[in-house]
Peer 1: 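First the structure, then my questions, so here it is.
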Amino acid sequence: MTVTTVPDLFDDAREPGLVALAPGLAWLRRHVATAPLVAAIEQIAAAAPWRHLTTPFGGRMSVAMTNAGAVGWHSDARGYRYVEHDPLSGRPWPAMPAAFAALAAEAAARAGFPGFEPDCCLVNRYAAGAQMGVHRDYDERDLGQPIVSVSIGLPAVFLWYGETRRGPPLRVPVADGDVVVFGGPARPGYHGVRRLALPAGAAPDACRLNLTFRRAR
DNA sequence: AAGTGTCA
DNA sequence: GGGC
């Protein structure tokens with residue numbers, strides 16, 4: 001018996017390459033080597049620790065977050081916004097590693113959005129059971145700038161709803177080294193991440209890391 | 001509601 | 001349910 005978990009479109013998901021999923025939405029499979037990224041993320045988290053943010057209506061996000069760059073994304077009872085200082089410490093966020101900015105610019109250009117200069121790298125950590133509810137990235141000043149999302153570690157299913165949050169979404173099986181870029185007509189699209197499953201044989205504390213690059217200001 | 005829990 |  002075969003359990004099909006993804007559409008036939010994604011049967012060749014292990015092969016590197018670019019897939020145009022929708023206008024402005026690109027999936028760059030196995031695009032980056034992630035080991036150096038993990039080391040840099042550990043340095044970022046040493047300066048700005050992982051935290052589970054609170055949503056404006058009191059919910060607790062299951063994804064642990066931190067940031068690097070001139071501004072960082074933050075949420076609490078006051079709402080969603082970008083802040084120049086880590087609310088936990090009052091200090092500026094760790095600088096964005098030059099290699100991060102270069103990677104984001106290269107991936108954006110590959111997807112058709114040249115000249116991308118992110119000022120924020122939101123770092124997400126998904127432990128088993130963590131998920132990201134359906135939302136859109138709408139706190140940035142210039143929605144003409146794309147979003148670049150880099151997957152590291154455990155595989156996950158990225159959900160693309162598009163213009164409305166009514167389903168069914170496109171289910172994109174993102175793996176270690178995959179990059180998803182959304183810009184242009186896809187930039188306001190609703191999206192999310194399915195509850196992270198722990199693969200058989202994985203360590204109980206295994207996780208998925210995600211880098212989301214934005215131009216917030 | 002970038003929340004979770006429950007029911008149909 | 002909890003940070004400002």
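We name chains A, B, ... by the order of the sequence lines, and we start the count at 1 in each one. All figures in this text were calculated on a predicted structure; none of them were measured in a lab.
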Peer 1: What orientation do A:F100 and A:F213 show, parallel under 30°, tilted 30 to 60°, or perpendicular over 60°?
Peer 2: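 Ring orientation of A:F100 relative to A:F213: perpendicular.
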Peer 1: Is it true that the side chains of A:Y126 and A:Q131 contain a donor and an acceptor less than 3.5 Å apart?
Peer 2: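 A:Y126 vs A:Q131: no donor-acceptor pair found between side chains.
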Peer 1: Just the rounded figure in Å: distance from C1' of B:dG3 to CG of A:D76.
Peer 2: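 The answer, rounded to whole Å, is 14 Å.
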Peer 1: Answer with yes or no whether the side chains of A:D176 and A:S151 bring together a donor and an acceptor at under 3.5 Å.
Peer 2: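 No, A:D176 and A:S151 have no side-chain donor paired with an acceptor closer than 3.5 Å.
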Peer 1: Which nucleotide of DNA chain C is the first, and which the last, in the 5' to 3' direction, to come under 4.0 Å of a heavy atom belonging to chain A?
Peer 2: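 Using the under 4.0 Å cut-off, the span is C:dG1 to C:dC4.
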Peer 1: When the distance from CD of A:E140 to P of B:dA2 is rounded to whole Å, what number comes out?
Peer 2: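 Spelled out: CD on A:E140 to P on B:dA2 is 13 Å.
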Peer 1: Looking at every strand, decide which applies to A:V134 at a 4.0 Å heavy-atom threshold: base, sugar-phosphate, or nothing.
Peer 2: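 Touches sugar-phosphate only.
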Peer 1: Do A:R214 and A:D137 sit within salt-bridge range, that is, some charged N less than 4.0 Å from a carboxylate O?
Peer 2: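 Yes.
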Peer 1: Salt-bridged, A:D86 to A:R51, with N to O below 4.0 Å?
Peer 2: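 Salt bridge present between A:D86 and A:R51.
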Peer 1: With heavy atoms under 4.0 Å as the rule, sort A:R214 into base, sugar-phosphate or nothing.
Peer 2: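 Base, at least one base atom sits under 4.0 Å.
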Peer 1: Could you give the CE-to-P distance, from A:M132 to B:dG3, as a whole number of Å?
Peer 2: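 After rounding, the gap between these two atoms is 7 Å.
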Peer 1: Using a cut-off of 4.0 Å on non-hydrogen atoms, how would the nucleic acid contact of A:R51 be classed: base, sugar-phosphate, or nothing?
Peer 2: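 Contact class for A:R51: none.
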Peer 1: Please state how far atom CZ in A:R81 lies from atom C1' in B:dA2, giving the value in whole angstrom units.
Peer 2: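 Rounded to the whole Å, the gap is 14 Å.
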Peer 1: Between B:dA1 atom P and A:F57 atom CZ, what is the distance in whole Å?
Peer 2: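 Roughly 7 Å, once rounded to whole Å.
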Peer 1: Would you tell me whether A:W73 and A:D139 have side-chain atoms, one donor and one acceptor, within less than 3.5 Å of each other?
Peer 2: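 Yes - a donor-acceptor pair under 3.5 Å links their side chains.
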Peer 1: Does the distance from a Lys or Arg side-chain N to an Asp or Glu carboxylate O, for A:R187 and A:D142, drop under 4.0 Å?
Peer 2: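 No, this pair does not count.
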Peer 1: Looking at A:V148 and A:A108, what are the two nearest heavy atoms and their distance?
Peer 2: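 Shortest heavy-atom contact: CG2-CB, 4.0 Å.
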Peer 1: Contact class for A:N124 vs. all strands (heavy atom < 4.0 Å): base, sugar-phosphate, or nothing?
Peer 2: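 It contacts nothing in the nucleic acid.
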Peer 1: For nucleotides 4-6 of chain B, print each protein N/O atom paired with a nucleotide N/O atom at under 3.5 Å, atom names and distance only.
Peer 2:
residue, atom, partner, partner atom, Å
B:dT4, OP2, A:Q131, NE2, 3.2

Peer 1: Is A:R91 close enough and on-axis enough to A:W93, meaning under 6.0 Å and within 45°, for cation-pi?
Peer 2: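 Cation-pi check for A:R91 and A:W93: fails.
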Peer 1: P atom, C:dC4 versus B:dA1: distance in rounded Å?
Peer 2: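 After rounding to an integer number of Å, I get 23 Å for this pair.
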